[in-house]
Protein chains: 2
Amino acid sequence: MQIGELASKCGVRIDTVRYYEKQKLLIPSGRTEGGYRIYSGVALRELRFILRAKSLGFTLKEIQELLTLKIDRENQPCSSVKELAETKIKDIEEKLAELGRIHQALTGITEACCGGEEPATACSILDALDKEDS
Amino acid sequence: MQIGELASKCGVRIDTVRYYEKQKLLIPSGRTEGGYRIYSGVALRELRFILRAKSLGFTLKEIQELLTLKIDRENQPCSSVKELAETKIKDIEEKLAELGRIHQALTGITEACCGGEEPATACSILDALDKEDS
DNA sequence: CTTGACCCTAGACTTAACTCCAGGGATAGG
DNA sequence: CCTATCCCTGGAGTTAAGTCTAGGGTCAAG
């Protein structure tokens, strides 16, 4: 697969793919004689992962760290991999908790909305978040 | 409370607070005679919310939408509020699912790491994600 | 062997979200 | 009153993450 197909399959521009390569995030598996980049199915999965991680607030640098997190006993001390992974897990757990709270708050708002006949008082997401603090 | 205290309580620069004001995200409750901005406890909660939402991949514009999501039967058609909230809930549910998958994958990696004596084969986050696809 | 769709590089430009700077006013302590 | 520390505005500069442009090669179909 060449760059145009990869890009359109993921809904990004060709330049973005080349930009990710410059950032060492997405390396093509090879080149044609004429210099065209060639991508495999792995690149497709990687690019999709990059895009989803990005939408979750990870920077490209963090995504690169996630992608290069590998257990490979031959070459790397297990402990360093594990340490980095555990740091990332903590970050992600915080994000999960926070997203969960926002989700609860929003659900609370929509439920209060048109739920009954009594006049629902004005209610902001901040108020709803407070109710979840318990 | 004035701007410096607010900023330092949240670990951001004064300029950032003023920038959020320019973006209509964080309006001071008033000004002193001399023109200094005054903030209440609400601003503190708002600023903290903004920062946490930002770390979850929301843009300032999206955060503004979240913050102005209010149920106020007197002034706004309930349905429009509800609609926007429901869109946001869907976004958030997708993010939750994706974060959950990444969390699972990372946990899988650390568990495989140093878990037993058999030589763990090289394992990337992408492989771990695949295992969670079932 | 040319035409059109695709690709290449290098570098300039854009956008969001800050961050800094210049020049100057406000306020509290000594 | 003087000085230090805070704050003000307007505007320029920075960083991350693209996006675009110029000028030019590649390749399959006709």
Side-chain angles (χ1 to χ4, degrees), chain A residues 1-40 43-44 46-68 88 91 95 98, chain B residues 1-41 43-44 46-68 88 91 95 98 102:
Chain A
M1 169 172 37
Q2 35 186 75
I3 197 168
E5 188 184 346
L6 175 65
S8 75
K9 270 182 180 160
C10 293
V12 299
R13 318 220 178 221
I14 285 178
D15 307 82
T16 303
V17 177
R18 283 197 283 248
Y19 177 72
Y20 289 166
E21 180 179 349
K22 210 184 286 172
Q23 307 305 307
K24 315 225 169 115
L25 267 160
L26 190 61
I27 310 300
S29 45
R31 296 272 184 145
T32 65
E33 293 257 309
Y36 287 18
R37 290 167 179 83
I38 320 169
Y39 297 93
S40 69
L44 191 59
E46 279 180 348
L47 180 49
R48 286 191 173 134
F49 175 78
I50 292 167
L51 297 172
R52 282 175 295 162
K54 226 170 54 61
S55 82
L56 294 167
F58 294 99
T59 65
L60 295 189
K61 200 160 180 245
E62 289 169 329
I63 295 169
Q64 199 196 333
E65 283 177 7
L66 285 175
L67 277 173
T68 56
K88 294 292 169 194
D91 293 354
K95 286 186 183 220
E98 187 58 30
Chain B
M1 169 171 39
Q2 36 188 71
I3 199 167
E5 189 184 346
L6 175 65
S8 74
K9 270 183 179 160
C10 294
V12 299
R13 319 218 178 223
I14 285 178
D15 307 82
T16 303
V17 177
R18 284 197 283 248
Y19 176 72
Y20 289 165
E21 180 178 351
K22 210 183 288 172
Q23 306 305 308
K24 316 226 167 113
L25 267 160
L26 189 60
I27 310 301
S29 45
R31 296 270 185 148
T32 66
E33 292 257 310
Y36 287 18
R37 290 167 179 83
I38 321 171
Y39 296 94
S40 70
L44 191 59
E46 279 180 349
L47 181 48
R48 287 191 172 135
F49 176 78
I50 292 167
L51 297 173
R52 282 174 295 162
K54 227 170 53 62
S55 82
L56 295 168
F58 293 100
T59 64
L60 295 188
K61 198 157 181 246
E62 288 169 331
I63 294 169
Q64 200 195 332
E65 284 178 8
L66 285 174
L67 277 173
T68 57
K88 294 292 171 196
D91 293 354
K95 286 187 183 218
E98 188 58 31
I102 294 177

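Remember, predicted model here, so these are calculated numbers, not experimental data.
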Asker: Earliest and latest nucleotide of DNA chain D, 5' to 3', sitting under 4.0 Å from a non-hydrogen atom of chain A?
Answerer: D/dA17 to D/dC27

Asker: Quick check against the 3.5 Å criterion: does A/Arg52 have a side-chain atom that pairs as donor or acceptor with the backbone of A/Arg48?
Answerer: yes

Asker: Is the closest side-chain heavy-atom distance between B/Gln23 and B/Gln64 below 4.5 Å?
Answerer: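 They are not in contact (no side-chain heavy atoms under 4.5 Å apart), so the answer is no.
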
Asker: Can you give me the closest heavy-atom contact between A/Ile38 and A/Arg31, atom names plus distance?
Answerer: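 Shortest heavy-atom separation between A/Ile38 and A/Arg31 comes out as CD1-C, 3.5 Å.
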
Asker: Name the nucleic acid region contacted by B/Gln23, choosing base, sugar-phosphate or nothing; use a 4.0 angstrom heavy-atom cut-off, strictly under.
Answerer: nothing

Asker: For the residue pair B/Ser29 and B/Ser40, what are the closest heavy atoms and their distance?
Answerer: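 The answer is OG-N, 3.7 Å.
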
Asker: Check whether any side-chain heavy atom of A/Thr16 lies under 4.5 Å from a side-chain heavy atom of A/Tyr20, and answer yes or no.
Answerer: yes

Asker: Which pair of heavy atoms, one from A/Lys95 and one from B/Ser55, lies closest together, and at what distance?
Answerer: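 Reported closest heavy-atom pair: NZ-O, 2.9 Å.
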
Asker: Search all heavy atoms of B/Ile63 against all heavy atoms of B/Ile50 and return the closest pair with its distance.
Answerer: CD1-O, 3.6 Å

Asker: Of all the heavy-atom pairs spanning A/Val17 and A/Ala7, show the shortest one and how long it is.
Answerer: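 Reported closest heavy-atom pair: CG2-CB, 4.0 Å.
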
Asker: Write down the atom of A/Phe49, the atom of A/Leu67, and the distance for their closest heavy-atom approach.
Answerer: CD2-CD2, 3.7 Å

Asker: Given that B/Asp15 and B/Glu5 both sit by DNA chain D, which one's nearest nucleotide is further toward the 5' end?
Answerer: B/Glu5

Asker: Between which nucleotides of DNA chain C, 5' to 3', does chain B make heavy-atom contacts below 4.0 Å?
Answerer: C/dA17 to C/dT27

Asker: So if I take residues 27-38 of chain B and measure heavy-atom distances to DNA chain C, which residues fall below 4.0 Å?
Answerer: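 Heavy-atom contacts with DNA chain C come from B/Thr32, B/Gly34, B/Tyr36.
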
Asker: When we call it a touch if two heavy atoms are under 4.0 Å apart, what does A/Lys61 touch: a base, just sugar-phosphate, or nothing?
Answerer: nothing

Asker: With a 4.0 Å cut-off, would you call B/Lys61 and B/Glu65 a salt bridge?
Answerer: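 So B/Lys61 does not pair with B/Glu65 through a salt bridge.
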
